[in-house]
Q: 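I am attaching a structure below and will ask some questions about it afterwards.
So you know, we letter chains A, B, ... as the sequences are listed, proteins then strands, and number each from 1. All figures in this text were calculated on a predicted structure; none of them were measured in a lab.
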Amino acid sequence: MKYEDIEEKPDKSEPRRNKLMKYTWCVVAAWTLILVGLLARDLAKLGQATHNLAIREALAHFQKDEAFRFWAATHGGFYVPTNERTPPNPYLAHIPERDIEKPSGMKLTLMNPAYALRQMNEEFASTYGVAGHITSLLPLRPENSPDDWEHQALESFETGEVEVREFTKFEGKSSLRLMRPLIVQEGCLKCHAHQGYAIGDVRGGVSVSVPLAAYITEKQKAAATHMLSYALIWIFGFATIIRGSYIIKKKDFEREHAQKMLQESYAQLEIRVQERTDDLARINQQLEAQAEELRGQSEELQNQTEELKGQNLELEMQRNQVEEATRLKSEFLSNMSHELRTPLNSIMALSRVLIMQAKDKLSEEENNYLEIVERNGKQLLSLINDILDLSKIEAGKMDFYLQTISLKTILNNIGDSLQPIVREKDLYFKMDIADDLPMIETDDAKLHQVLQNIISNSVKFTEKGGVDILVKYNSEKVCLTIKDTGIGIPEDELPHIFEEFRQVDGTSSRLYEGTGLGLAIAKKLIRNLGGDIQVKSKFEEGSIFIVTLPIKWHGVADLPGISTFQALRPEPEEKIILAGLEKVRKTSKAEKIKSETRILLVEDNETTVIQMKVVLEREGYKLDVTRDGRQALEYIKHTIPDGIILDLMMPEVDGFEVLEKIRNTEATRRIPVLILTAKNLTREDLSRLSANHIQQLVQKGDIGKEKLLFKIQLMLGNEPHIKEEEKRKKVKDKVVKSVKQIRSNRTTQIEGLPRVLVVEDNPDNMTTIKAILKDDYNVLEAYDGKQGLNIARTELPDVILLDIALPKMDGMEVVNVVKNSEELKNIPVIAVTARAMKADRDIIMAAGFDDYISKPIDQKLLLKRIEKWLRR
Amino acid sequence: MEKNINKILNYLHDQRSYDFTGNRLSMLERRISKRFFPTETEDFEEYFQYLLKNQQELDHLIDILTINVSSFFRDPHIFNHVEKILSGIITAKSECKDHSLRIWSAGCASGEEPYSVALIVAELLEAEKVAMYVNIFATDIDKKAVNKAQKGEYKTNALRDVKSSILNRCFKVDKDIFRIDEPIKNMVNFTIYDLLDKYSFVPPESIFGNFDMALCRNVLIYFNPDFQEKIFDKLYRSLNTGGYLVLGEAEFPSEKYKNDFRRVHKSYKIYQKR
């Protein structure tokens with residue numbers, strides 16, 4: 001069933017209900033008819049019965065009369081006393097012995113039947129209400145002559161009728177009249193023979209009149225009862241019919257309602273099924289799409305997996321190469337270290353000789369130089385030794401000699417050797433060694449080296465407090481805890497503490513000598529001895545080194561992760577450079593402008609209007625908006641804006657037309673216009689625009705915000721400008737500079753020489769550079785980035801030599817600040833760095849340095865470069 | 001087969017300017033072949049012939065090629081994180097008196113994603129008691145989907161991940177249709193935009209990019225790497241420095257842009273432009 005069918009439903013039940021009403025009325029009518037019929041029949045029957053009764057009564061009277069007459073006739077009449085009531089019948093005068101006398105003298109007269117009957121009827125009719133009348137067409141007595149009705153009846157007897165009866169009026173009352181003939185019998189002839197009657201003739205008749213009033217009353221009563229009964233029955237029947245009809249109607253209504261409900265729910269069901277189907281279809285579609293998406297994703301993942309597989313293979317190869325390279329490098333380092341030691345030895349030896357022999361001949365400063373040579377030589381030697389160790393371990397060339405040794409002895413020896421320093425620094429040095437500490441199987445010399453390194457580190461980095469050494473053991477291992485109250489290790493450095501060339505702070509190398517390889521070597525050695533080193537530390541509070549060693553040597557412990565390769569990666573410095581570059585990018589943003597420039601935006605797209613409003617008003621522009629070309633033309637009649645931003649596609653008057661109108665009107669022809677459009681411009685469009693002299697053209701969606709603002713500025717004829725404030729600052733700076741210049745010349749500076757600021761944290765390097773420059777330049781010294789920057793600001797040097805890796809603020813940061821500062825940006829900055837790759841050079845130049853000199857410093861080159869930059 | 005698919009795509013491009021040539025071949029193959037049964041064709045050649053003769057089939061073809069799934073807050077977890085990020089952006093912006101928030105939903109299908117974002121933003125703005133110009137640009141290549149999105153009417157199955165409080169507050173119910181409220185609707189601007197459009201790198205409706213966030217979920221997977229690269233170029237350029245990019249589960253920044261994005265969540269593909 002369709003949904004619309006339901007709407008038609010209610011109409012159908014209406015005629016049906018009407019029909020039911022009709023039926024109901026028909027049944028009522030039929031019922032009424034039946035009852036009326038029955039009633040009529042009953043009433044008729046009642047009438048009939050009443051009549052019959054009346055007839056019977058009449059007949060009874062008649063028969064009684066007849067019987068009496070017959071009785072009298074058979075007796076030939078009878079005698080009764082003669083009196084006034086009964087005079088002798090004159091019509092019997094012809095009869096002998098009509099009158100007789102009883103012996104008593106009592107006169108008797110003969111009463112013939114008719115006479116007797118008449119008398120009886122005359123006397124008793126009034127008493128009983130039933131009137132009998134004997135009559136004849138030929139009565140002997142004229143009083144007995146018939147009335148009209150009797151006459152007719154008597155005549156009809158002549159024709160053979162035996163009885164005539166009629167309900168009629170008699171003496172003014174409703175009555176039944178009945179008449180039967182009197183047939184001549186023998187007895188009759190006595191009196192009537194003379195009239196010519198023979199036996200069997202109709203002599204006359206006796207009529208009986210029965211008044212009907214009583215019957216009618218009875219009948220009416222009965223009829224009333226009947227009618228009442230019928231009325232009750234009818235009412236009952238009527239009620240039943242109406243009730244039945246009502247029930248049927250109700251049932252019908254219920255049925256219909258139920259049907260309707262059924263239909264409705266069916267329709268609902270239908271709708272729901274439809275919706276369900278739609279939903280399912282949609283869900284199915286979605287599922288398909290999802291499946292599609294998943295397939296896409298899985299394909300993508302598969303591609304990635306394959307790519308990764310490829311990359312893995314590549315990585316594997318690279319790893320192999322790296323391993324090989326590492327091995328070769330270690331070998332190379334090992335060889336090279338050997339080779340390095342030879343010339344170094346002669347340098348050291350000869351500088352020693354010089355110190356001893358030429359001490360008195362040289363100036364104090366020159367002696368100082370020699371000491372630097374010797375000190376650096378020693379440091380280089382220990383570095384070479386360490387590298388040699390490390391490369392030996394890595395190349396697997398380190399030999400181990402296992403012995404059973406006493407750890408206690410080693411520790412005591414180390415403690416003894418450190419005593420002078422401990423005393424000098426006024427530290428405590430405590431050892432708590434378990435008495436029954438067993439002998440351990442290990443390499444005596446290597447273990448000594450490791451422990452010496454760690455313990456002397458602890459002493460070295462501790463200025464206050466002291467060092468605690470605790471030794472415990474169990475069945476398998478010995479555990480040494482070396483605890484100091486030294487400078488500690490910063491949290492972020494802690495994970496790298498065992499990597500090569502790491503020392504907590506670059507600056508610390510000045511304070512605490514060392515190559516930064518000691519702990520790396522220690523870790524590698526102790527692992528080779530089957531043990532491990534761990535460290536806990538809190539910066540500026542102290543460190544705890546925990547060394548574990550097997551009592552019996554079982555082999556080399558795994559060496560996870562750490563390799564020389566990692567340490568040699570140029571990562572740290574590169575990171576610094578990249579960070580510097582980012583800062584350059586961030587700070588060199590275009591400066592904002594603020595002005596009361598009025599711009600007219602002609603644009604019908606609400607989104608564009610809102611966006612432009614937000615952006616331009618934030619920049620301080622005053623923005624007026626018209627929504628179409630016509631409005632725009634109206635606007636420029638009374639207001640001349642500083643610039644117009646014009647959309648091309650607009651309703652009614654489009655942008656081209658507006659532009660043409662503007663250009664053809666004297667007052668507006670010089671207003672700069674920027675076209676902002678989403679239209680893909682055709683050649684014709686472009687020529688039309690250029691013919692009308694537009695300042696800027698911007699394609700929506702093909703520009704960034706900064707660039708858009710820049711173009712708007714250009715359109716308005718503003719060069720991207722410098723703030724007023726900044727201009728003032730420039731002037732101020734110039735004054736400051738001249739004052740500073742005068743002030744700076746006070747110190748040991750030689751007047752007139754150019755001033756070079758050297759920012760270098762390594763004092764030896766500083767000395768070297770100073771030695772090179774001191775004759776030609778005034779040298780300003782700074783030992784970290786911040787200090788350098790401060791000196792640069794106050795002294796405004798002519799050239800800056802800047803190391804890259806500096807404490808507090810690295811060279812990249814410094815150059816960034818310098819180059820972004822109005823007062824400093826013109827000072828040439830030359831990088832001085834140990835990195836020598838070409839890529840490094842590019843990065844450094846990109847960071848803002850003007851030039852670059854690599855370490856070790858070549859005297860000639862340095863002077864040449866400085867000269868070059870000063871000449872400029 | 002590839003030749004025939006290309007014929008079909010070129011024809012589609014000529015007729016309706018829909019360009020699917022950048023899509024992944026396997027996806028095209030699967031989807032187009034779904035039209036074989038209804039058109040009683042058996043291979044791509046035959047289907048192409050059918051297509052030439054029956055213009056109305058182009059609509060079906062476009063339908064099946066553009067079909068996409070989405071529901072409100074699809075993958076609710078990722079939206080939790082998006083909410084966190086947006087909250088951060090809004091706080092930072094209101095601190096420096098920048099009252100404009102710009103978001104791009106690239107490949108918005110029938111609008112569920114941008115509306116979800118709009119709902120989040122509305123909640124956040126209300127919670128933080130800040131007023132902002134919110135511009136959410138939602139684009140899709142499928143005109144039908146965009147039209148549907150503009151209506152903002154959804155059935156329950158698209159709304160199963162919407163919190164009931166939001167449902168009560170931001171939707172009007174009419175029988176089984178949920179209509180999103182005007183204020184939310186007005187935050188989102190729907191336009192038809194082809195991510196491979198050559199003339200712009202952001203939807204023209206947005207004039208300039210400078211988006212604080214771009215969402216492009218499960219779009220790239222349908223494209224071959226060359227085109228992925230092109231789309232990525234747009235996404236990269238459309239974002240502010242520090243702006244966020246939300247990708248689908250199996251999507252990554254392309255090789256070229258790998259280092260220009262920092263991943264900010266370990267399980268979701270949310271990146272920040274460096």
Q: With salt bridge (Lys or Arg N to Asp or Glu O under 4.0 Å) as the rule and sequence neighbours excluded, what pairs involving residues 197-216 of chain B come up?
A: B:K93-B:D212

Q: Side chains of A:Q611 and B:Y133: closer than 4.5 Å at any heavy-atom pair?
A: no

Q: Please look at A:L708 and chain B and tell me whether the side chain, the backbone, both or neither of the residue comes under 4.5 angstrom of a heavy atom of that chain.
A: side chain

Q: Please say whether more than 12 non-hydrogen atoms of neighbouring residues, nucleotides or ligands are located less than 6.0 Å from CZ in A:R276.
A: no

Q: Run the salt-bridge test on A:E293 and B:R31 with the 4.0 Å N-O cut-off and return the result as yes or no.
A: no

Q: Between A:E299 and B:R30, is there a side-chain N and carboxylate O pair less than 4.0 Å apart?
A: yes

Q: Where does A:Q304 contact chain B at under 4.5 Å (heavy atoms): side chain, backbone, both or neither?
A: side chain

Q: Hey, could you give me the CD1/OG distance between A:I610 and B:S100, rounded to the nearest 0.5 Å?
A: 11.0 Å

Q: Counting only non-hydrogen atoms closer than 4.5 Å, does B:F137 touch chain A with its backbone (N, CA, C, O), its side chain (CB onward), both, or neither?
A: side chain

Q: Does any backbone or side-chain atom of B:K234 lie under 4.5 Å from a heavy atom of chain A? Answer side chain, backbone, both or neither.
A: neither

Q: For B:S200 and A:D702, does a side-chain donor sit closer than 3.5 Å to a side-chain acceptor?
A: no

Q: Who wins among A:K707, A:R295, A:Q699 for the most heavy-atom pairs under 4.5 Å with chain B?
A: A:R295

Q: Where do B:N135 and A:T607 come nearest, in terms of heavy atoms and distance?
A: ND2-CG2, 4.1 Å

Q: Is the NZ atom of B:K144 crowded by more than 12 outside heavy atoms at less than 6.0 Å?
A: no

Q: Is B:R237 reaching over with its side chain to a backbone N or O of A:G704, donor-acceptor style, under 3.5 angstrom?
A: no

Q: Can you check whether B:H99 reaches A:V614 side chain to side chain, under 4.5 Å on heavy atoms?
A: no

Q: Once you round to the nearest 0.5 Å, how far does CD1 of B:I207 lie from CG of A:N605?
A: 7.5 Å

Q: Side chains of B:L220 and A:E300, heavy atoms from C-beta outward: is any pair under 4.5 Å?
A: no

Q: Whether the side chain of B:N210 engages the backbone of A:K705 through a donor-acceptor N/O pair (distance < 3.5 Å, no angle test) should be reported.
A: yes

Q: What part of A:V615 gets closer than 4.5 Å to chain B, counting heavy atoms only: side chain, backbone, both or neither?
A: side chain

Q: Only counting residues at least two apart or in another chain, list the ones meeting salt bridge (charged side-chain N to carboxylate O under 4.0 Å, His left out) with A:R688.
A: A:E660

